[in-house]
**Q** 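Below are the structure tokens for one structure; questions will follow.
Values in this document were obtained by computation on a predicted structure and should not be read as measured data. Chain identifiers are assigned alphabetically (A, B, ...) following the order of the sequence lines, protein sequences preceding nucleic acid strands; residue numbering begins at 1 within each chain.
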Protein chains: 2
Amino acid sequence: MNPSPVAVNAADTNGTTMSQMQSVEKQLREMILGLEIGPGERLTERWIERRFGASRTPVRAALLRLETEGLICRDGRGWTVSPINLAELEQIAVYREAVEVAAVRLTCTLSDKSVIDDIEAMLDSCDADTPREEWHRVGMDFHIELARLSGNDFLFRAVRDAMTRLSRARWLEVRDEAALGRAWTEHHAILAAVRAGNADAAARLLSAHIIGSRDRLVTSLHNDRRGLRARGFAVVAA
Amino acid sequence: MNPSPVAVNAADTNGTTMSQMQSVEKQLREMILGLEIGPGERLTERWIERRFGASRTPVRAALLRLETEGLICRDGRGWTVSPINLAELEQIAVYREAVEVAAVRLTCTLSDKSVIDDIEAMLDSCDADTPREEWHRVGMDFHIELARLSGNDFLFRAVRDAMTRLSRARWLEVRDEAALGRAWTEHHAILAAVRAGNADAAARLLSAHIIGSRDRLVTSLHNDRRGLRARGFAVVAA
DNA sequence: GATACCACTTTGGGATACCAAGTTGGTATT
DNA sequence: AATACCAACTTGGTATCCCAAAGTGGTATC
């Protein structure tokens, strides 16, 4: 994490040049989500300026946006990468349960079930050789894409934002292979219920999946609290 | 809406001076929600600078925040006050139903029911002499405060933000006195169910209330579409 | 009269200068 | 050695300046 005073002007997938603000926002978000900047770490606008070769105007705009995402928070005067907050993780799970269940119930009423195939293909793209990072991403995208199918933008954004907030914690989790396989199985079961148009079953399975994941996540983080703190990560107890 | 080049540095309830950014954000939000700036109207950073006597940095920060609230949106190059979008209103109602029902179910499990009294008192503070504007505010705050009781910050914020987005539309609605009384009655019925700890009943009543309100709101706006457009308000059809 | 063209204005994006408040490190005093 | 104090530095908040691009209006040409 050494400042390199080199302007990096990223380009989006269309090849068009992003604004400095978007560039800084994107890169900083990736550094935070990728734990290159640890939870609880202090941020100064000046450091970000030098690190990304941008001036303060786009840096501050990016910080404001990341604040609304909950990835950083004000620390009196100054900015801090949001700590991992176990109480918050539990609350998010309840929130997710509400919006994801509502979304999946909507999705079950859809006539066109073919879009389910895309999600199933995404799940099946993971096998024993797939790196953990990819499992992690697919596990998140499953929930996000499933919510997108509901057609309700607010439910979709709620799920996407909640998964973003959970992302770092899920990555920190000391997760054994069995847990990954378990999630994979549960995801498939949920999809099967959606495909059958069985809203009640899909809702029940999804709800149990979310709450179960939460419990394992919180337990895992709680047990590994010391290890995480030793790595310099701020973990706030529930 | 004439620019008056006078710096207005508002103060918050603590008497401490707000930053320019907060001041601009607050005042601009009030102008938008109060329909002093109509839905669909164009905004320029320069106009806001002059209007509030602030410079561009705080103005741009305020605009970024209001964008995440959905009150304004980018218009290519430039900003526009978000139009009233009937399709969006319908989606928000589904979103509200999900989060508010989840919140009220949590609230029903609370042991301390005395906090319910505060909300009931708020409802009862409205009578025949109360101005419409106050009825409007209390009607929104009922839902927000009920969600706050759940103790879940994400559900609370979701409800608060959704109500903010609905605010302008509800204010535009051509609402007869009977509808106001109807909402008041339904609010009381919901509170009674919560007080009795009857989560299923509370959920059912709240759900019906939200969906019923949505249908009346959308119908009202749809019928009055021409009148609203004549007032210069952009209303996007569902 | 219609249209192509060009100078001028306005706009948002960015860079930088300045300021007040808060830290920090060193120094003089006890 | 402990402490009170002060100067220099750092930081976020703000104002201002510059720039490229998009819009605008007038004009010359056909």
Side-chain angles (χ1 to χ4, degrees), chain A residues 1-12 14-28 32 37 40-68 71-82, chain B residues 1-12 14-28 32 37 40-68 71-82:
Chain A
M1 196 173 130
N2 294 317
S4 60
V6 178
V8 179
N9 219 323
D12 64 21
N14 295 328
T16 63
T17 305
M18 300 170 69
S19 71
Q20 296 266 34
M21 186 216 101
Q22 294 171 309
S23 174
V24 170
E25 178 190 349
K26 182 169 146 64
Q27 295 182 70
L28 196 53
I32 293 172
I37 315 179
E41 205 162 323
R42 296 286 288 271
L43 286 175
T44 70
E45 299 184 357
R46 256 77 184 212
W47 180 84
I48 300 169
E49 284 180 55
R50 289 192 296 270
R51 177 65 177 74
F52 299 110
S55 82
R56 302 189 61 191
T57 309
V59 166
R60 304 200 55 189
L63 286 171
L64 285 172
R65 300 194 74 101
L66 292 175
E67 184 192 17
T68 69
L71 294 184
I72 63 176
C73 50
R74 284 212 143 78
D75 178 30
R77 189 182 146 90
W79 303 90
T80 298
V81 177
S82 299
Chain B
M1 198 175 127
N2 292 318
S4 61
V6 178
V8 179
N9 217 322
D12 64 19
N14 296 328
T16 63
T17 305
M18 300 169 71
S19 72
Q20 294 270 30
M21 187 217 100
Q22 294 171 309
S23 174
V24 170
E25 179 190 348
K26 183 170 147 61
Q27 295 182 70
L28 196 53
I32 294 172
I37 315 178
E41 205 160 324
R42 297 287 286 273
L43 286 175
T44 70
E45 299 183 358
R46 258 75 182 212
W47 181 84
I48 300 169
E49 283 180 59
R50 290 192 294 271
R51 177 65 178 75
F52 299 110
S55 82
R56 301 188 61 194
T57 311
V59 165
R60 299 188 58 182
L63 287 171
L64 284 173
R65 301 194 74 101
L66 292 175
E67 184 192 18
T68 69
L71 295 184
I72 61 177
C73 50
R74 284 210 143 77
D75 179 31
R77 190 180 144 94
W79 302 91
T80 298
V81 177
S82 299

**Q** Rounded to whole Å, please give me the gap between CD in B/Q20 and P in D/dA15.
**A**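 Whole-Å distance recorded here is 5 Å.
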
**Q** Please state whether the base of D/dG12 and the side chain of A/R46 form at least one donor-acceptor pair under 3.5 Å?
**A** yes

**Q** Could you state the atom-to-atom distance from CG of A/L63 to C1' of D/dG13 in whole Å?
**A**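 To the nearest whole Å, that distance equals 13 Å.
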
**Q** Calculate the interatomic distance between A/D75 atom CG and C/dT23 atom P; express it in whole Å.
**A** 10 Å

**Q** Could you check if a side-chain atom of B/R74 sits within less than 4.5 angstrom of a side-chain atom of B/W79, using non-hydrogen atoms only?
**A** yes

**Q** Taking any strand in view, what nucleotide pairs with D/dC30 in a Watson-Crick or G-U wobble way, both distances under 3.5 Å?
**A**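 By the stated definition (distances under 3.5 Å), C/dG1 pairs with D/dC30.
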
**Q** Is A/T57 touching bases, backbone alone, or none of the nucleic acid, heavy atoms closer than 4.0 Å?
**A** base

**Q** To the nearest Å, how far apart are A/E45 CD and D/dT14 P?
**A**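 Whole-Å distance recorded here is 11 Å.
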
**Q** Given 3.5 Å as the limit, does a donor-acceptor pair link the side chain of A/T80 with the main chain of A/G40, or not?
**A**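 Pair absent, no side-chain N/O of A/T80 close to backbone of A/G40.
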
**Q** Provide, to the nearest angstrom, the distance between the CZ atom belonging to A/R42 and the C1' atom belonging to C/dG22.
**A** 11 Å

**Q** Can you find a pair of side-chain heavy atoms, one from A/I37 and one from A/L28, that are under 4.5 Å apart?
**A**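 Yes. Closest side-chain heavy atoms under 4.5 Å.
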
**Q** Rounded to whole Å, how long is the line connecting atom CD of A/E49 with atom C1' of C/dG14?
**A**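 About 12 Å, once rounded to whole Å.
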
**Q** From CD1 of A/I48 over to P of C/dA15, roughly how many Å is that when rounded to an integer?
**A**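 It works out to 15 Å between those atoms.
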
**Q** Between the base of D/dG12 and the side chain of A/R56, is there a donor and acceptor pair under 3.5 angstrom?
**A**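 Pair found.
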
**Q** Do A/R65 and A/M21 come close enough that some side-chain heavy atom pair is under 4.5 Å?
**A**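 Yes - at least one pair of side-chain heavy atoms lies under 4.5 Å apart.
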
**Q** Looking at side-chain heavy atoms only, is the closest gap between A/E67 and A/L64 below 4.5 Å?
**A**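 A side-chain contact under 4.5 Å exists here.
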
**Q** Report the distance from atom CZ of B/F52 to atom P of D/dG13, rounded to the nearest whole Å.
**A** 20 Å

**Q** Quick one: which of C/dG12, D/dG12, C/dT16 gets closest to the side chain of A/S55?
**A**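 Minimum distance to the A/S55 side chain belongs to C/dT16.
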
**Q** Can you find an N or O donor on one side and an acceptor on the other, under 3.5 Å apart, linking the side chain of B/R74 with the base of C/dG12?
**A**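 By the distance-only test, no, there is no pair.
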
